[in-house]
Asker: 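Here's a structure for you.
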2 protein chains.
Amino acid sequence: MKETAQYLLALYIAEQRRSPPIPSGHLAEMLDRSPAATTEMLQRLESEKLVDREPYHGAMLTETGRERGEELHETYVALSWFFRTVLDLDSHEQEAMEMAGLMSQSVAQRLVTLLLDENEQPNPSVDTRQDNH
Amino acid sequence: MKETAQYLLALYIAEQRRSPPIPSGHLAEMLDRSPAATTEMLQRLESEKLVDREPYHGAMLTETGRERGEELHETYVALSWFFRTVLDLDSHEQEAMEMAGLMSQSVAQRLVTLLLDENEQPNPSVDTRQDNH
DNA sequence: GCTACTATTTAGGCAAACCTAAATTATAAG
DNA sequence: CTTATAATTTAGGTTTGCCTAAATAGTAGC
């Protein structure tokens with residue numbers, strides 16, 4: 001039941017870029033899964049009242065699903081920032097998406113706080129990149 | 001095939017504290033799994049030549065298994081340090097064990113490097129704890 | 001408004017990990 | 001040395017998440 005998070009996050013992100021409902025094929029591509037796997041997972045999420053589905057057209061987050069998706073997105077952004085700025089690693093957005101759903105609430109929350117603090121009063125020594133501008 | 005890492009790491013840690021072979025029941029307790037699940041996983045690891053098993057007595061890492069276990073342990077230590085010192089979270093060793101096996105090589109490696117750098121020339125502003133001594 | 005094409009869903013199967021209960025093996029006590 | 005107890009393994013089953021192939025629904029061109 002951990003993989004569900006990835007679909008919620010992908011759906012959340014997709015809904016920011018195009019208007020719902022999001023075709024299952026689009027999610028399948030984002031997550032590198034078969035269309036069939038995506039349909040199946042969306043049905044599971046629907047039964048958990050996290051998404052609304054319009055068969056053959058697409059899916060969209062319910063209110064509850066959007067709340068969860070937003071949390072995941074915050075964590076995802078914080079993780080991406082951490083990978084890029086602290087660990088000096090590019091192109092790790094996919095891993096950030098995967099990990100966002102695997103961390104405990106407390107770790108996720110502290111990580112988000114860390115990013116916010118860092119944006120408020122930047123601390124150059126935290127940014128380990130060679131050339132940060 | 002991601003859960004296997006946890007057993008390797010637990011076995012690696014157990015082997016530091018007591019002499020091999022490590023009874024499956026001991027691993028089961030460390031990982032909060034049933035004895036049956038542990039036996040099954042050890043058999044799988046054995047078929048992958050990562051552990052040697054002595055039925056009804058216990059298991060020990062092979063050379064290959066120990067290499068992998070050591071990597072996982074480094075990552076685990078770095079993660080524990082990160083949780084405690086950067087995120088100011090205690091009692092997250094269990095989560096560190098779980099996550100150690102889920103991260104990519106590159107992220108794990110950078111995290112370990114970060115810890116080593118930090119030990120060489122400590123940077124107080126990275127340690128976000130209120131009272132660190 | 002058909003028809004051909006594309007996208008989605010359904011059907012059927014598989015592998016990884018887990019569990020409980022039953023069987024087996026090891027061990028400790030008398 | 002035998003037996004009772006404790007630990008481990010085997011047997012049988014479940015859930016999650018994935019896949020391919022077949023069926024179905026939607027859509028665009030004529």
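Order of the sequence lines sets the chain letters (A, B, ...), proteins ahead of strands, with each chain counted from 1.
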Asker: Looking only at side-chain N and O atoms, does Ser80(A) offer a donor or acceptor that is under 3.5 Å from a partner on Glu93(A)?
Answerer: no

Asker: Quick check: closest heavy atoms across Thr39(B) and Arg53(B), and the distance to 0.1 Å?
Answerer: CG2-NH1, 4.1 Å

Asker: What is the distance from CD of Glu46(A) to C1' of dT8(C), rounded to the nearest Å?
Answerer: 14 Å

Asker: Could you state the atom-to-atom distance from CE of Met41(B) to P of dT8(D) in whole Å?
Answerer: 17 Å

Asker: Checking Glu3(B) against Gln6(B): is there a side-chain donor and acceptor pair closer than 3.5 Å?
Answerer: yes

Asker: Let's see if you can work this out: which of dC19(C), dC18(D), dA26(C) has an atom nearest to the side-chain heavy atoms of Ala37(A)?
Answerer: dC18(D)

Asker: What class does the angle between the rings of Phe83(B) and His92(B) fall in, given that below 30° is parallel, 30 to 60° is tilted and above 60° is perpendicular?
Answerer: perpendicular

Asker: Looking only at the aromatic ring of each residue, does the gap between the centers of Tyr7(B) and Tyr12(B) stay below 6.0 angstrom?
Answerer: no

Asker: Using a cut-off of less than 4.0 Å, is there contact between a side-chain N or O of Ser24(A) and OP1 or OP2 of dT9(C)?
Answerer: yes

Asker: Whole-Å distance between dT9(D) P and Leu27(B) CG?
Answerer: 10 Å

Asker: Answer with base, sugar-phosphate or nothing: what part of the nucleic acid does Arg33(A) contact at a heavy-atom distance below 4.0 Å?
Answerer: sugar-phosphate

Asker: What is the distance, rounded to the nearest whole Å, between atom CD of Glu54(B) and atom P of dT27(C)?
Answerer: 11 Å

Asker: Quick one: which of dT20(C), dG17(D), dC18(C) gets closest to the side chain of Glu3(B)?
Answerer: dC18(C)

Asker: Kindly say if Tyr7(B) contacts the phosphate of dC18(C), meaning a side-chain N or O under 4.0 Å from OP1 or OP2.
Answerer: yes

Asker: For His57(A) and Met1(A), take the nucleotide of DNA chain D holding the closest heavy atom to each; which residue's nucleotide lies nearer the 5' end?
Answerer: Met1(A)

Asker: Can you tell me which nucleotide in dA17(C), dT10(C), dT20(C) comes closest to the side chain of Glu40(B)?
Answerer: dA17(C)

Asker: Ignoring backbone atoms, establish whether Arg53(A) has a side-chain N or O less than 4.0 Å from OP1 or OP2 of dT9(C).
Answerer: yes

Asker: Please classify the nucleic acid contact of Gln43(A) as base, sugar-phosphate, or nothing, using heavy-atom distances under 4.0 Å.
Answerer: sugar-phosphate

Asker: Would you indicate which nucleotide in dG17(D), dT9(C), dT27(D) comes nearest to any side-chain atom of Thr39(A)?
Answerer: dT9(C)

Asker: Between dA21(D), dC19(C), dT16(D), which one does the side chain of Arg44(A) approach most closely?
Answerer: dT16(D)

Asker: Across the strands shown, which category fits Ser34(B) at heavy-atom distances under 4.0 angstrom: base, sugar-phosphate, nothing?
Answerer: base

